Amino acid sequence: MAKSIDVSDLDIYYGDFLAVQGVNMTIRARAVTAFIGPSGCGKSTFLRSLNRMHEVIPGARVEGKVLVDGQSLYEPGVDPVAVRRQIGMVFQRPNPFPTMSIYDNVLAGNRLNSKKLKKSAADDIVEKSLKGANLWNEVKDRLGKPGMGLSGGQQQRLCIARAIAVEPQVLLMDEPCSALDPISTAAIEDLIHDLKSQYTIVIVTHNMQQAARVSDDTGFFNLKGAGQPGHLVEFNPTEKVFANPDNDSTEAYISGRFG
Amino acid sequence: MTTLEKNPTPTESDLLPLTGPRLPTYAPALVAVAALALGGVLWLVLGSSVALSAFVAAVVFVVALPSWSRAVEGSRSAVDRLVAALVWVALLFAFVPLVSLLWTLLDKGLPALSPEFFTFSMRSVFGDAQGGIYHALVGTVLITLAATLISVPIGIFTAIYLVEYGAGNRVAKTITFLVDVMTGIPSIVAGLFAYALFVLFFGPGVRMGFGGAVALSILMIPVVVRSTEEMLKLVPDELREAAYALGVPKWRTITKVVLPTSMSGIVTGVTLAIARVIGETAPLLIIAGKTDSVNFNLFDERMATLPVFIYYSYTQPGIPAAPGYERAWGAALVLIAIVMILNVLARLIGKAFAPKTGR
Ligand SMILES: Nc1ncnc2c1ncn2[C@@H]1O[C@H](COP(=O)(O)OP(=O)(O)OP(=O)(O)O)[C@@H](O)[C@H]1O
Ligand SMILES: [Mg+2]
């Protein structure tokens, strides 16, 4: 049950600082949407506003509408915890739970919500999720060891496994491959391809080739100038964005002639 | 081999000056021994006081080592040696009172220790009859335990509010200020407060162990709040966000992610807070009072404690005075031993709870 996301006139603030302004877009269900743009233009900020993670930061707030399958995320009655259970997230920096083993890290979403699981079902989830994140072969002999004992790239794949273990309907990924080698990156991209049939996936990346390879739609964010809020410059099917973008600055950014 | 011959041998000026004259590695030790020997001569042969001899030895060390270094190594190394020498001397002087205290305690306290010392109370003990600290041990353990049971939940919940919920709002700032004020409350004032409080309920002249526990927890709560707060702040926000992103509610994130991650530090902080209050005398003198008999009931009658026992054994040793003094030193030794054991325990527990990173 994948879900589409409609964003209209979204302004995102950190206290008084307007970080992202006036975003309108429709993220299709069962498709991969990529966000590209220069550092600091608000890609992470926008991504975090899609599952109400933004408001976790003190003073941070959002104005505008985000509709997930027609349901507004920012209505007063909406429970952010319920939202996040359906819209999972992988962060820019790997953040496994230091007190937990690899096995428990994968099951964290289930365990922390005290879902009762039979041992065999739990084993299945762990194996499936770790295989999905291309980590199974490296850790299958030491599932009981601490998750912090893995390398940075392995930790990131552990976090991806942890996010897909709860089978969210939308998966938000903030530069999931920035710490990975080409082989793991390829595995994650394959994973994204597989997940696409069931989930809605949104990915932030600094890697143009990756955006071109994995995504169906691409959004280009940019800053009008230093200290100005970030905004969405162009949102189009990926082929169009990379072949003949509507906007000159998009073309300049993609072809590397930027600034 | 022609290429080699073409290479001119590097002259002295071509080489980077990576090496220079250095003092031998044993130089500081040598100077220290010489300085100490000088001090020893002053003390033993010329008969000056210990303090003066030690001072002279320290000054000689601090002056001689940098001078020698300056002559051989140059001024930058000399400054380095000077600072290092000062640090070492300061460390030594800081150790003097500690070592001397432990030495005195062991010297005077050890003879008092015997199985009876731990199992007898002071009930009907006159003259040099065998008496013990059993009643005071029981009182100290019970009162400290009660104080811990009161302070740990209050302290930890307060810290959780300050870090997880308050996050710099006005209530949190006010609480932080009040906690800071509480840290500075003199222990005698805490005792008077507990006494005044219990007089309200039980009338004047009230004495009970629980009152002592309340007084001690007033001293303990700010310490627990402060240490727990620091530990919770050390937990990276990324972990909280990771839990939120999995759809975990806030309270579960706190109990299952934040607290376990910081558990080792919190346990260490609590243990050190216990060690801090276990030797408090003044408040217990006021509200727990003094008795010679064993009392297991925190809520009735006077209750002896080790610090109060020490105080009375030394100020009113009885006739003859020697056994009383000896018991005071023995009890002091036991008290210090308990504090040390608590400190070691804090380290062990801290290690046991620390997040593992190994493979
Ligand atoms: N916690 C915060 N508090 C205040 N301002 C913030 C916070 N996080 C980000 N910002 C600001 O919001 C703007 C957008 O930041 P954001 O992290 O969304 O950029 P980004 O596009 O993800 O950059 P990158 O590609 O480097 O990850 C920046 O100007 C940044 O300084
Ligand atoms: Mg970012």
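Chain naming here is simple, since letters A, B, ... match the order of the sequence lines and numbering starts at 1 in each. Treat the numbers as computed from the prediction; the structure is a model and nothing was measured.
A 6.0 Å sphere centred on NZ of A:Lys196 holds more than 12 heavy atoms belonging to other residues, nucleotides or ligands. The number of heavy-atom neighbours closer than 6.0 Å to CH2 of B:Trp88, taken from other residues, nucleotides and ligands shown, is 12 or below. Around atom CD1 of A:Ile183, no more than 12 heavy atoms belonging to other residues, nucleotides or ligands sit under 6.0 Å away. Counting non-hydrogen atoms of other residues, nucleotides and ligands closer than 6.0 Å to CD of A:Glu63 gives a total above 12.
With a 4.5 Å cut-off on non-hydrogen atoms, A:Phe91 touches chain B through its side chain but not through its backbone. Using a 4.5 Å cut-off between heavy atoms, A:Pro80 makes no contact with chain B at all.
Against chain A, no residue from residues 209-226 of chain B qualifies, as none has a non-hydrogen atom under 4.5 angstrom away. Of residues 238-266 of chain B, those residues lying under 4.5 Å from chain A by any heavy-atom pair are B:Glu238, B:Leu239, B:Glu241, B:Ala242, B:Ala243, B:Tyr244, B:Ala245, B:Leu246, B:Gly247, B:Val248, B:Pro249, B:Arg252, B:Lys256, B:Val257, B:Pro260, B:Thr261. Taking non-hydrogen atoms and a 4.5 Å limit, the residue list of residues 46-61 of chain A in contact with chain B, ordered by number, reads A:Arg48, A:Met53, A:Val56, A:Ile57. Residues of residues 136-159 of chain B never come within less than 4.5 angstrom of chain A, heavy atom to heavy atom.
Across A:Ile102, A:Val166, A:Leu112, A:Val83, the residue that shares the most heavy-atom pairs under 4.5 angstrom with chain B is A:Leu112.
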